[in-house]
Amino acid sequence: MPDPASLPPFAAIVVAAGKGLRAGGDAPKQYRPWRGKPVLRHSVETLVDAGAEPLFIVVAPGAEEHARNALKGLDRCRFVEGGATRQASVRAGLEAIETASPEKVLIHDAARPELPSSVIERLLSALGDHPGAIPVLPVVDSLAVASVDDTMAKAADREKLRRVQTPQAFRYDAILAAHREWPGEADAGDDAQVLQRADRTVALVEGDERMKKITFASDFEDIATGVPPMRIGQGFDVHRLERGQELWLCGIKIDHEYGLSGHSDADVALHAITDAILGAIGAGDIGTHFPPSDPQWAGARSGRFLEHAVKLAGEAGYVVSNIDLTIICEAPKIGPYRPAMRHEVARLADVQENAVSIKATTTERLGFTGRGEGIAAQAVIALASIA
Ligand code: MG
């Protein structure tokens with residue numbers, strides 16, 4: 001990813017208004033998971049990282065909730081409803097960013113999840129000389145023009161032809177004017193066609209084979225075969241009890257004469273749950289992501305660690321299915337705090353409360369927990385594939 005500071009400022013519109021029925025499935029293809037996250041999310045994350053601002057997602061009427069779920073946590077995204085045709089949808093996006101009056105805008109189709117940042121750079125730089133720039137690829141197969149009876153009418157010259165991809169880049173004023181001039185009832189294959197109809201030049205820059213459009217059900221097959229439907233993880237943690245420390249368990253502050261010591265808030269229960277999630281996706285442990293040697297985690301609320309693990313699980317294509325936690329200590333009594341703990345863990349892990357079990361046990365005064373020297377926690381969690 002190039003440093004966003006090295007790119008000129010640009011706005012972006014991602015068109016996600018299609019019904020995507022050719023790809024099969026219940027949800028439109030742009031909201032279905034592909035390689036661990038919704039199709040739409042892939043390119044939008046790239047655009048966020050590249051500094052696109054404003055960043056508008058054009059959605060079909062009634063589909064904003066789908067899009068918001070697919071893009072959870074990407075706070076920069078804004079949403080606008082599309083129209084009856086692709087052209088009308090893009091125009092709605094262009095009109096929506098008018099108040100920001102950006103100089104340059106990228107227009108991208110959500111059905112192309114992979115968006116190499118090198119292409120973004122090439123497109124934006126071509127706008128120095130032209131009002132429009134599009135990524136293209138050569139045609140490698142030979143071509144035939146078909147007759148109506150499915151015989152070959154003649155050969156076509158592939159040397160003159162290019163395959164056109166998105167994103168397409170434009171000077172904002174030029175593409176907005178071209179869309180406003182476009183005859184309302186007709187659709188356009190893409191925005192380059194709209195700009196060209198307004199007699200403006202469109203530069204051809206090198207595209208990228210990775211920016212393949214997801215079209216058919218077979219494009220989704222790697223989800224069906226590559227990601228198991230569920231995964232399981234376990235986590236275990238211990239912290240020492242000391243006088244004069246705060247006691248935090250499951251994100252709840254507990255009134256007790258002893259508290260747990262550690263680098264963060266030492267919430268042993270949330271640490272066990274976090275490690276269980278990280279374990280399920282094979283992403284190391286809590287110390288890998290939040291090293292105790294890093295001063296920024298001193299006194300940190302451990303809820304942040306859990307939220308981060310849940311986010312990583314989402315990126316790997318999973319949501320938390322259920323959590324089963326056991327807290328092992330002689331004191332304090334966990335029962336009175338259990339409802340609040342359950343509520344808080346469910347909130348942090350983004351699950352219903354009935355998917356969270358919090359149990360407590362003593363060790364019959366045996367061992368370090370029995371002597372009140374520390375508290376231990378162990379958690380088992382199941383993750384379910386989003387696919
Ligand atoms: Mg710990």
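For ligands, and for the atoms within them, numbers begin at 1 and follow the listed sequence. Residue numbers start at 1 and run along the sequence shown.
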With side chain to side chain contact (heavy atoms under 4.5 Å, CB included) as the test, would you mind laying out the steps for His263 and Phe290 before giving the verdict?
CA-CA 10 Å; His263 194 64; Phe290 305 99; over 6 Å; no
Closer than 2.8 Å to the Mg ion (ligand 1), what protein N/O/S atoms do you find?
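Atoms qualifying: Asp237 OD2, His239 NE2, His271 ND1.
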Indicate yes or no for a side-chain donor-acceptor contact from Arg171 to the backbone of Leu127 under 3.5 Å, with no hydrogens or angles considered.
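Judged by distance alone, yes, a pair lies under 3.5 Å.
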Partner residues of His108 under the ring-ring contact (aromatic ring centres under 6.0 Å, His included) criterion, sequence neighbours left out
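By the ring-ring contact (aromatic ring centres under 6.0 Å, His included) rule, His108 matches no residue at all.
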With side chain to side chain donor-acceptor pair (under 3.5 Å) as the rule and sequence neighbours excluded, what pairs involving residues 156-165 come up?
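Qualifying pairs: Arg163-Glu209.
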Can you list every salt bridge (charged side-chain N to carboxylate O under 4.0 Å, His left out) pair that touches residues 339-350, not counting sequence neighbours?
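Listed by first then second residue: Lys72-Asp350, Glu344-Arg347.
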If only side-chain N and O atoms count, and only distance matters, is there a donor-acceptor pair under 3.5 Å linking Gln352 with Asn354?
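No.
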